[in-house]
2 protein chains.
Amino acid sequence: MDEKNKSRQATLPPSLNERPTLKTIAFMTGLGITTVSRALKDASDIGAETKERVRLVAKQVGYQPNRAGVRLRTGKTNVISLVLSLEEEVMGLTSPIVVGISEILASTGYHLVITPYRFSKDALAPVRYVLDTGAADGVIISRTEPNDPRVALMMERNFPFATHGRTEMGLAHPYHDFDNEGFAYEAVRRLAELRRRRIVLLQPPQHLTFHRHMRKGFDRAVRDFGIEAVPFNSVDIDNSLVEIRAAFETLMSAPDAPDGIVSGSGAGSIAVIAGLEAVGKRLKHDVDMVSKVPSDFLSWLRPEVITMNEDIRHAGRELAKAVIARIAGTPAEELQSLSKAV
Amino acid sequence: MDEKNKSRQATLPPSLNERPTLKTIAFMTGLGITTVSRALKDASDIGAETKERVRLVAKQVGYQPNRAGVRLRTGKTNVISLVLSLEEEVMGLTSPIVVGISEILASTGYHLVITPYRFSKDALAPVRYVLDTGAADGVIISRTEPNDPRVALMMERNFPFATHGRTEMGLAHPYHDFDNEGFAYEAVRRLAELRRRRIVLLQPPQHLTFHRHMRKGFDRAVRDFGIEAVPFNSVDIDNSLVEIRAAFETLMSAPDAPDGIVSGSGAGSIAVIAGLEAVGKRLKHDVDMVSKVPSDFLSWLRPEVITMNEDIRHAGRELAKAVIARIAGTPAEELQSLSKAV
DNA sequence: CAAGGCTACTGTATCGTTACAGATTTTGCA
DNA sequence: TGCAAAATCTGTAACGATACAGTAGCCTTG
């Protein structure tokens with residue numbers, strides 16, 4: 001039959017009320033598919049008037065590039081993957097970070113994909129998955145360690161990513177971090193100002209980088225203000241609330257109990273308060289407390305606690321901006337930011 | 001040159017340490033690409049021994065189907081989209097639902113994509129986007145309304161979805177919902193048991209379906225237990241904490257203030273407590289309160305409040321299971337579930 | 001006015017997969 | 001033995017996009 005009479009690529013009228021493709025626009029404008037493709041990306045070898053016409057028709061029919069097509073041909077996924085531990089689900093830091101990232105991605109072509117992992121020891125698996133399958137153009141990770149194998153892997157493969165938290169590997173990569181050192185220093189300073197003399201720190205787990213930062217700020221302030229740091233390693237902010245409460249019940253009922261507490265986590269603070277109140281101590285009277293918090297719920301219910309807010313949503317925004325810029329080629333050194341308590 | 005001597009599809013040895021494709025396996029096994037493809041999907045026209053061989057090699061080389069290829073050819077995205085309001089970010093219900101969904105999707109081939117929208121009036125936009133671009137195989141939405149245009153649209157297009165919350169459109173669709181009627185009824189019952197007689201309800205906004213459920217349970221209990229329901233419509237759980245506190249300050253300082261409170265939201269309860277305490281009332285003495293909560297933080301800080309837990313993570317799991325089953329063809333009627341406070 | 005260069009456009013091949021329509025060999029049975 | 005049916009396997013085309021290598025026409029320029 002009449003199958004060979006094509007001088008154009010696009011000969012058959014693409015049926016309406018199907019999703020428009022380049023072919024649709026090519027047919028409507030009488031141009032070649034290639035021309036339409038290049039016109040839409042504003043290539044230099046397409047006439048100005050043609051571009052205008054193509055853009056108009058594209059808009060008219062509501063053209064949106066088929067992501068699978070682009071991805072297959074170019075390898076670009078237009079996806080940012082947020083790697084999440086299903087366990088760090090204590091007091092939901094996830095919400096605000098997801099919201100922050102979404103806010104930024106909304107005005108770009110990127111989609112946000114959640115890539116979960118179940119146990120801390122599997123933290124590398126999701127990253128490997130993304131790298132091996134090319135599931136995303138960039139990755140955001142959290143719970144960063146000083147010597148983080150995920151960072152090493154992605155750097156080695158030259159894969160764009162940003163970390164919530166810093167590393168200590170001598171490698172420059174995009175990150176956003178809260179100034180935990182500043183937080184701890186300031187926290188101790190405030191307690192010192194309130195004439196507290198024996199201060200304890202509920203700190204992050206040892207293996208996370210920000211443990212060091214917080215510790216550093218705490219220790220420095222302790223020296224600067226002549227405070228006695230109460231040794232305390234039985235629990236950290238990753239322990240369950242029940243464990244934290246138990247530990248603080250013990251600690252606070254000892255004869256040499258601390259009179260000041262710095263808590264590195266809002267959720268942890270709840271358990272701390274429960275613990276100290278269980279042994280009859282009262283905030284502001286027997287003990288003062290400064291807590292880092294992700295939202296202001298604690299100050300509503302226990303205004304006696306001094307809170308310093310870590311804006312996780314802002315962190316999400318910064319991280320999203322950083323990965324995208326990294327993908328676009330911005331040097332990692334320019335994509336590192338720190339934020340203070342607000 | 002020697003370019004036409006192919007009796008096989010796969011002639012050129014696919015370079016190693018590139019991502020393996022069907023071609024790689026075809027080359028290694030000496031089979032055709034089609035055969036490999038069909039062998040891996042256990043098609044009936046492939047020999048048992050061949051299938052075994054193909055599976056072995058596939059596993060050996062770590063073959064994972066290229067999603068873009070599959071998606072382009074079949075239209076199947078292997079993506080579930082969670083449609084999220086960037087505003088419902090009060091007290092993060094997002095975290096647990098994301099975690100719950102992820103838990104289920106982890107053992108399937110599905111990825112989770114977050115599709116956000118900014119303002120309530122744009123709620124339809126993300127759904128339309130997914131439908132128009134084929135961005136996902138299924139959608140999960142929340143903040144369901146009795147007559148929900150999103151539901152209408154997806155039903156009309158016969159697109160798989162599940163809703164967090166029910167509708168009242170006479171259409172059967174998959175949903176998971178918390179038994180808000182049961183919650184409110186039980187809440188009032190408990191307050192009645194504590195000899196409270198004038199009870200107020202901090203309810204969801206009128207336009208959401210579960211407003212009706214909660215209201216219904218509340219009103220029925222009020223009748224059953226001979227309680228006086230205190231009229232209160234100045235704020236709902238979608239108002240800011242500051243607004244809620246202000247409203248409750250006013251309410252609780254009135255001469256005929258309620259002596260019992262039912263709160264439909266954990267975050268809202270915080271503001272309620274702040275409000276009543278600001279005017280000198282005390283929980284358990286002047287007033288009792290029952291609150292629906294998504295986590296147990298409230299009972300740690302205000303054990304005087306009676307809490308009833310809504311397991312959002314479980315809801316996420318149920319919703320994920322429901323969409324997937326719907327995609328697989330299970331009738332909507334079999335994918336509807338309700339859960340009670342735990 | 002020929003040669004070269006520029007502008008504007010286009011066809012072909014390809015990414016990885018699967019639907020479809022064969023093709024080849026083996027088996028079953030009269 | 002002959003031949004249809006069954007059992008296996010395979011090539012081609014297509015999904016939608018883009019990289020690449022053109023082509024055609026027109027304008028300079030010496």
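Reminder, nothing fancy here: chain letters follow the sequence lines and each chain counts from 1. Not measured: the values here are computed from a predicted model.
- Rounded to 10 degrees, the angle separating the terminal helix axes of the helix from C:dC1-D:dG30 to C:dA30-D:dT1, each built from five base pairs, is 50°.
- Rounded to whole Å, atom P of D:dA7 lies 12 Å from atom NZ of B:K51.
- Here the side chain of A:T50 pairs no donor or acceptor atom with the backbone of A:I46 at under 3.5 angstrom.
- With rounding to the nearest 0.5 Å, the separation of CG in A:L82 from CD1 in A:I114 is 4.5 Å.
- Between B:Y117 and B:L84, the closest side-chain pair of non-hydrogen atoms is not below 4.5 Å.
- For the pair B:K76 NZ and C:dA19 P, the interatomic distance rounds to 12 Å; values are reported in whole Å.
- Between A:H176 and A:H164, the ring planes are parallel. Angles under 30° get that label, and only those over 60° would be called perpendicular.
- Pairs engaging residues 126-145 of chain B under the ring-ring contact (aromatic ring centres under 6.0 Å, His included) rule: A:H111-B:Y129 [sequence neighbours left out].
- Taking 4.0 angstrom as the limit, B:S37 places a side-chain polar atom (N or O) nearer than this to OP1 or OP2 of C:dT18.
- Between A:L72 and B:G47, the residue anchored closer to the 5' end of DNA chain D is B:G47, taking for each the nucleotide with the nearest heavy atom.
- No donor-acceptor pair closer than 3.5 Å links the side chain of B:R38 to the backbone N or O of B:S44.
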Just list the side-chain donor-acceptor pairs under 3.5 Å for residues 324-331 of chain A, sequence neighbours left out, or say none.
from: A:R326; atom 1: NH1; to: A:T330; atom 2: O; distance (Å): 3.0
from: A:T330; atom 1: OG1; to: A:A325; atom 2: O; distance (Å): 3.2

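- Taking atom CG of residue A:N78 and atom P of nucleotide D:dG16, one finds them 18 Å apart after rounding to whole Å.
- The closest side-chain heavy-atom distance from A:H173 to A:M155 is below 4.5 Å.
- Nucleic acid contact for A:T50: sugar-phosphate only, since backbone atoms but no base atoms lie under 4.0 Å from a heavy atom of the residue.
- Put simply, CD1 on B:I46 is 17 Å from P on C:dT25, counting in whole angstrom units.
- Between A:R150 and A:T163 there is no side-chain heavy-atom pair separated by less than 4.5 Å.
- For A:N147, the side-chain contact (heavy atoms from CB on, under 4.5 Å) partners are A:M169, not counting sequence neighbours.
- What separates CG of B:N66 from P of D:dA17 is a distance of 16 Å, to the nearest Å.
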Does B:T144 form a side chain to side chain donor-acceptor pair (under 3.5 Å) with B:T167? I'd like the steps, not just the answer.
CA-CA 7 Å; B:T144 322; B:T167 57; over 6 Å; no
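- Residues B:I25 and B:V54 have side chains in contact (heavy-atom distance under 4.5 Å, counting atoms from C-beta outward).
- Scanning residues 53-64 of chain A for heavy-atom distances under 4.0 Å to DNA chain C yields an empty list.
- Note: CG (B:L40) to P (C:dT18) measures 9 Å, nearest angstrom.
- Rounded to a whole Å, the CD atom of B:E52 is 14 Å from the P atom of D:dT8.
- If you measure from atom CD1 of A:I33 to atom P of C:dT10, you get 11 Å, rounded to the nearest angstrom.
- For B:V70, the listed nucleotide lying nearest its side chain is C:dT18; candidates were D:dT18, D:dG16, C:dT18.
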What N/O pairs connect the protein and nucleotides 19-22 of chain D at under 3.5 Å? Give each pair on its own line.
from: D:dA19; atom 1: O4'; to: A:R73; atom 2: NH2; distance (Å): 3.4

